[in-house]
Colleague: 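Have a look at the structure that comes next, please.
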Amino acid sequence: MRAGHSTIAKLLLVCAAAASWPLSAAEIALVLPNSFRAYLLDAAGSHELVPEWTTQARIHLHAAMVDIVERDPQFKAASMPALSDEQRAVLEEHVALFEANAQAAIEMIRVAGVAHKKHERAYSLGSGLAFLAAAGIDKAVLVSGSQTWSTRGRVLSRVLPGALGRHIAPAGASGLLIGYIDTTSGDITWMHAMHPVRGGDVRDADGAVRVLDKLVAQYPDGLIYAQH
């Protein structure tokens, strides 16, 4: 009986100790308004921003990213806090700054002998998002990029010369960038990219979900950069 009591006592101690261990709390993440742009490429080769498509894509990409964050147990989705006009301007600047950093990282990794160092490099947007940290937000999630759709005339102008053996230019450039930013330090803790955008039409709600799910599926590994 004494041995049994001793075993039970030990089990109780182990359970008590386990209960006292701090659990890893989910990080508070805020999906920032994105800057995705939709273009139309006509038969003459001119790119034209299409406001209606751009608005549709931004709305659907934002909703899809919020859904992804809400489904991830590592995060707890936050709503946008009340911000001043100056702070809103800072957010817009950091979305643009992130896109520039991500594009630079892509080019760096494409350089021979540098790709293997993607986990060693440090990318930061600076401390400009500290006001989000003060509001209790740990991570800012940014989505950026663009996609170009071709007119029917542009498609035909590519197909017909191709039939004659001439060089065919790409129908339209596209790319999607995503990043997780530490709001206190400004460090980019994870970046990933998709070139070209594939898996769905981001102007459509379901398409945006499919595209972002595909992009985020490799988290915490990042094609561009992952802070380990």
Side-chain angles (χ1 to χ4, degrees), residues 25-41 47-81 88 91-92 94-103 105-106 125 129 132 137-151 155 170-183 188-227:
E27 291 188 295
I28 307 300
L30 174 66
V31 180
L32 300 186
N34 67 78
S35 62
F36 193 86
R37 301 169 301 281
Y39 295 95
L40 181 66
L41 182 64
H47 284 76
E48 180 183 353
L49 181 69
V50 183
E52 182 180 358
W53 292 355
T54 295
T55 298
Q56 291 172 346
R58 288 182 179 182
I59 290 173
H60 295 315
L61 284 170
H62 183 83
M65 195 67 241
V66 170
D67 179 65
I68 288 172
V69 169
E70 290 177 339
R71 286 188 276 119
D72 191 331
Q74 299 178 80
F75 300 113
K76 182 178 179 180
S79 299
M80 181 70 73
R88 290 185 181 279
L91 284 186
E92 292 180 3
H94 278 71
V95 171
L97 186 58
F98 163 73
E99 185 170 356
N101 270 265
Q103 292 290 359
I106 292 172
L125 304 184
L129 297 179
L132 292 180
I137 296 167
D138 303 305
K139 284 284 193 299
V141 182
L142 292 93
V143 177
S144 184
S146 65
Q147 186 165 4
T148 300
W149 284 266
S150 297
T151 62
V155 173
S174 68
L176 191 63
L177 305 166
I178 185 172
Y180 294 165
I181 318 299
D182 183 290
T183 57
I188 301 174
T189 59
W190 185 74
M191 283 194 291
H192 207 355
M194 178 185 288
H195 291 275
V197 177
R198 55 191 179 276
D201 187 337
V202 297
R203 297 170 297 180
D204 171 77
D206 292 337
V209 170
R210 290 196 301 273
V211 169
L212 284 183
D213 271 340
K214 185 180 182 70
L215 189 56
V216 178
Q218 297 197 37
Y219 182 84
D221 287 327
L223 177 64
I224 302 179
Y225 173 71
Q227 187 182 74

Colleague: Let's go through L32 and V143 carefully: what are the C-alpha distance in whole Å and the side-chain angles of both, what is the deciding distance for side chain to side chain contact (heavy atoms under 4.5 Å, CB included) to 0.1 Å, and is it a yes or a no?
Modeller: CA-CA 8 Å; L32 300 186; V143 177; over 6 Å; no
Colleague: Identify, with sequence neighbours excluded, every residue that meets ring pair (Phe, Tyr, Trp, His ring centres under 6.0 Å) alongside F36.
Modeller: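 So F36 forms no ring pair (Phe, Tyr, Trp, His ring centres under 6.0 Å) with any residue.
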Colleague: Looking at P33 and M80, what are the two nearest heavy atoms and their distance?
Modeller: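 Reported closest heavy-atom pair: CD-CE, 3.6 Å.
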Colleague: With L215, which residues qualify under side chain to side chain contact (heavy atoms under 4.5 Å, CB included), at least two apart?
Modeller: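 Here the qualifying residues are L176, I178, H192, M194, L212.
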Colleague: I'd like to check the side chain to side chain contact (heavy atoms under 4.5 Å, CB included) partners of P81; sequence neighbours left out, ordered by chain and number.
Modeller: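 P81 satisfies side chain to side chain contact (heavy atoms under 4.5 Å, CB included) with L30, L83, L132, A135, I137 only.
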Colleague: What do the steps show when you test V31 against F75 for side chain to side chain contact (heavy atoms under 4.5 Å, CB included), and what is the final call?
Modeller: CA-CA 11 Å; V31 180; F75 300 113; over 6 Å; no
Colleague: Could you give the distance from CD1 (I181) to CG (L129), rounded to the nearest 0.5 Å?
Modeller: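 Between I181 CD1 and L129 CG, I get 7.5 Å after rounding to 0.5 Å.
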Colleague: Return the set of residues passing side-chain hydrogen bond (donor to acceptor under 3.5 Å, both in side chains) with T183 (not counting sequence neighbours), or none when no residue passes.
Modeller: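 T183 satisfies side-chain hydrogen bond (donor to acceptor under 3.5 Å, both in side chains) with no residue once adjacent residues are dropped.
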Colleague: Within the 4.5 Å heavy-atom criterion, are V95 and N34 side-chain neighbours or not?
Modeller: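 No, too far: nothing below the 4.5 Å cut-off.
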Colleague: What residues, two or more places apart in sequence or in another chain, satisfy side-chain hydrogen bond (donor to acceptor under 3.5 Å, both in side chains) together with D182?
Modeller: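 By the side-chain hydrogen bond (donor to acceptor under 3.5 Å, both in side chains) rule, D182 matches S185.
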Colleague: What heavy-atom pair brings V141 and A29 nearest, and what distance separates the two atoms?
Modeller: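 For V141 versus A29, the nearest heavy atoms are CG2-CB, 4.3 Å.
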Colleague: Pairs in or reaching into residues 49-64: which pass side-chain hydrogen bond (donor to acceptor under 3.5 Å, both in side chains), with residues at least two apart or in two chains?
Modeller: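 Counting only pairs at least two positions apart or across chains, no side-chain hydrogen bond (donor to acceptor under 3.5 Å, both in side chains) contact touches residues 49-64.
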Colleague: Please enumerate all residues that pass ring pair (Phe, Tyr, Trp, His ring centres under 6.0 Å) together with Y39, with sequence neighbours excluded.
Modeller: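 In terms of ring pair (Phe, Tyr, Trp, His ring centres under 6.0 Å), with neighbours along the sequence ignored, Y39 is linked to no residue.
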Colleague: Under the side-chain hydrogen bond (donor to acceptor under 3.5 Å, both in side chains) definition, can you give me all pairs with a residue in residues 198-213, not counting sequence neighbours?
Modeller: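 The answer is R71-D213, D201-R203.
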Colleague: Side chain to side chain contact (heavy atoms under 4.5 Å, CB included), that's the test. Do K139 and T189 meet it? Break it down for me.
Modeller: CA-CA 9 Å; K139 284 284 193 299; T189 59; 3.2 Å; yes
Colleague: Only counting residues at least two apart or in another chain, list the ones meeting side chain to side chain contact (heavy atoms under 4.5 Å, CB included) with Q74.
Modeller: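 Partners of Q74 under the side chain to side chain contact (heavy atoms under 4.5 Å, CB included) test: D72, Y219.
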Colleague: Can you list everything that forms a side chain to side chain contact (heavy atoms under 4.5 Å, CB included) with E70? Sequence neighbours excluded, please.
Modeller: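 E70 satisfies side chain to side chain contact (heavy atoms under 4.5 Å, CB included) with V66, A77 only.
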Colleague: What are the two closest heavy atoms between F98 and L177, and how far apart are they?
Modeller: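 Smallest interatomic distance, heavy atoms only, reads CE2-CB, 4.1 Å.
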Colleague: Side chains of R37 and T148, heavy atoms from C-beta outward: is any pair under 4.5 Å?
Modeller: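 No, too far: nothing below the 4.5 Å cut-off.
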Colleague: For L97, does its backbone N or O pair with a side-chain atom of N101 as donor and acceptor, under 3.5 Å?
Modeller: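 Present.
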Colleague: S174 and V197: which non-hydrogen atoms are nearest, and at how many Å?
Modeller: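 So the minimum-distance heavy-atom pair works out to OG-N, 2.9 Å.
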Colleague: Rounded to the nearest 0.5 Å, what separation is found between the OG atom of S35 and the CG atom of L91?
Modeller: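 Reported value, rounded in 0.5 Å steps: 12.0 Å.
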